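Beneath this line is the structure, given in structure tokens, with notes to follow.
Just so it is clear, the structure is predicted and the values come from calculations on it, not from any experiment.
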Amino acid sequence: MKSVEEQFEYLKKGSVEIIQENELKQKLARSIKEKKPLKVKAGFDPTAPDIHLGHTVLLRKMKHFQDLGHSVVFLIGDFTGLIGDPSGRSSTRPPMTREEINKNAETYKAQIFKILDHKKTIIDFNSRWLGKLTSFDIINLTAKYTVARILERDDFSKRLKTGQPISTHEILYPLMQAYDSVALEADVELGGTDQKFNLLVGREIQREFRQEPQVVMTMPLLEGLDGVEKMSKTLDNYVGITEPPGEIFGKIMSVSDPLMFRYYELLTDESLSRIENWRKEAKEGQVNPKDLKSKLARTIVADFWGEKEAEKAAGEFERVFKKRELPSEMEEITVKPAEVLLLDLMVDKNIFPSRREAKRVIRQGGVYLDGQRIEDIQFKIDMKKESEVFLKVGKKKFYKIKKA
RNA sequence: GGGCAGGUACCAAAGUGGCCAAAUGGGGCGGGCUGUAAACCCGCUGCGGAAACGCUUCGGAGGUUCGAAUCCUUCCCUGCCCA
């Protein structure tokens, strides 16, 4: 088993803040002495079970704890999900059914073990204890914290200042999450930096329940593909880990150079010094940033799909976007052997949501048939004569039109 | 309970009887440049129509008017102040 210092260094890497560092060391020391793994908690929202790269920053840290033999609880906030974490602008959510929650939990399971160790992961639901609290218990819990302290939370105070609504149940969220730590007797809680407040309330509430407060460890929030907002599904700036290799590859290739280095830092095991070196080389023109980006994209694809797929995605990318050849696989559209308006065809096959939009894109020169730009919205395609035609829409959409 | 200010398109926000399918910014989409980079530049961005034009939209419902996002009634929602 590794020493306290070794463990501590391994765990600290990549984190933004550890509150308190010496408490973590003490806990680690005790864990070694008593041969008792630490209980590490991280909560996840049950409503969005699509794991994206943003989540993997946290999952990778959970994995680090597992590597050191600690016990990790992947907590699905099915009860708190009813409230919806007020971090960010989300408002009240419709209650989820048991089936939906279970289904989402299964989806989680299918994804997280691409990173986490199956054997060392406990999956739990906070409805297990929160659902049993009586109104008496809840009042008791709320009595342990003051409104002023809850409202200290950055986004609450901001909303208050800007006149945004805050519903009463939302201020319960931090307390509920804190109670999770009590119920689990968590030694450590992991979360993004946006979770800092909630995690700290956990410490306070644990004290109130006469438990040793958990160590709070925050991880950086990964910026989304736009490089500004944090990666999230609602902003559609994410890379889902179950997306097809080509898709992941393409998305990574489209990020800006500064963001590329950030991704190297947070999503790969490359050392900081090596990344720094690349940054310098790219700046001085010794390395083409594109090659670094391609390497990054390959690494990330390989994490979720394996080397072989990563290689394939890279080759495909070169072919389609550098050599401007057709992708090796594309969506097939079958059409009856008749003469039809291309416009009609594209709307029928749901390539566009409305005829107006389809017309717009044609007029703006975004539609190609067999490499030939089509600008006439009246263009007819004669599937009596053709057997196979390649349709390109915008930069990224390719279709193979076949005769039925 | 009383008073005041608000609710406009994906988001923010202007518009207070016709010139409003609704300024502007962001986002999105298409094009150009490129490394499918980013940044930048140009265009588009309710629906139907080749077009002319038509249709539906400004919290909900109803009304006034030749004509309503704009005026009135009522209901719902939000913020602030007072109690």
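The stretch residues 287-294 of chain A touches RNA chain B through A/Pro289, A/Lys290, A/Lys293, each having a heavy atom within less than 4.0 Å of the strand. Against RNA chain B, the stretch residues 390-401 of chain A makes heavy-atom approaches under 4.0 Å through A/Gly394, A/Lys395, A/Lys396. Taking a 4.0 Å limit (strictly below) on heavy-atom distances, residues 296-318 of chain A reaches RNA chain B at A/Phe317. In the region residues 248-258 of chain A, proximity to RNA chain B at under 4.0 angstrom, judged on heavy atoms, holds for A/Gly250, A/Lys251, A/Met253, A/Ser254, A/Val255, A/Ser256, A/Asp257. For RNA chain B, no neighbouring residue in residues 260-271 of chain A is found when judged by any heavy atom under 4.0 Å.
Across the interface with RNA chain B, nearest-nucleotide mapping of A/Pro165 and A/Arg373 shows A/Arg373 to be the residue nearer the 5′ end.
A/Ser15 meets the side-chain contact (heavy atoms from CB on, under 4.5 Å) test with A/Lys12, A/Ile18, A/Met217, A/Met219; sequence neighbours excluded. With sequence neighbours excluded, no residue forms a ring-ring contact (aromatic ring centres under 6.0 Å, His included) with A/Phe379. Considering only residues two or more places apart in sequence or on other chains, A/Asp226 meets the salt bridge (Lys or Arg N to Asp or Glu O under 4.0 Å) condition with none of them. Evaluation of the salt bridge (Lys or Arg N to Asp or Glu O under 4.0 Å) rule for A/Lys196 yields A/Glu17 as partners, not counting sequence neighbours. With sequence neighbours excluded, no residue forms a side-chain hydrogen bond (donor to acceptor under 3.5 Å, both in side chains) with A/Lys312. Remark: A/Asp137 engages no residue in a salt bridge (Lys or Arg N to Asp or Glu O under 4.0 Å) (not counting sequence neighbours).
Across all strands shown, B/A12 forms a Watson-Crick or G-U wobble pair with B/U24, both key distances being under 3.5 Å. Summarising the base pairing, B/C29 is matched to B/G43 through a Watson-Crick or G-U wobble pair whose two defining distances lie under 3.5 Å.
Of the candidates A/Asp180, A/Val72, A/Asp124, A/Asp180 is the only one forming a side-chain contact (heavy atoms from CB on, under 4.5 Å) with A/Lys41.
No hydrogens or angles considered: nothing links the side chains of A/Asp50 and A/Tyr238 as a donor-acceptor pair under 3.5 Å. A donor atom on one side chain and an acceptor atom on the other are found under 3.5 Å apart for A/Glu316 and A/Ser328.
B/U73 sits 16 Å from B/U65 when the P atoms are compared, rounded to a whole Å. A distance of about 42 Å separates the C1' atoms of B/C76 and B/A52, rounded to the whole Å. Between the C1' atoms of B/U70 and B/G2, the separation comes to 28 Å (whole Å). On the C1' atoms, B/U78 is 28 Å away from B/G28, given to the nearest whole Å.
Ion pairing between A/Lys295 and A/Asp291 fails under the 4.0 Å rule for side-chain N and carboxylate O.
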Where protein sits on nucleotides 44-50 of chain B, one letter per nucleotide: B base, S sugar-phosphate only, - none, heavy atoms under 4.0 Å
SS-BBBS
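For A/Lys25 and A/Phe8, the positive end sits near the middle of the six-membered ring, less than 6.0 Å away and at most 45° from its axis.
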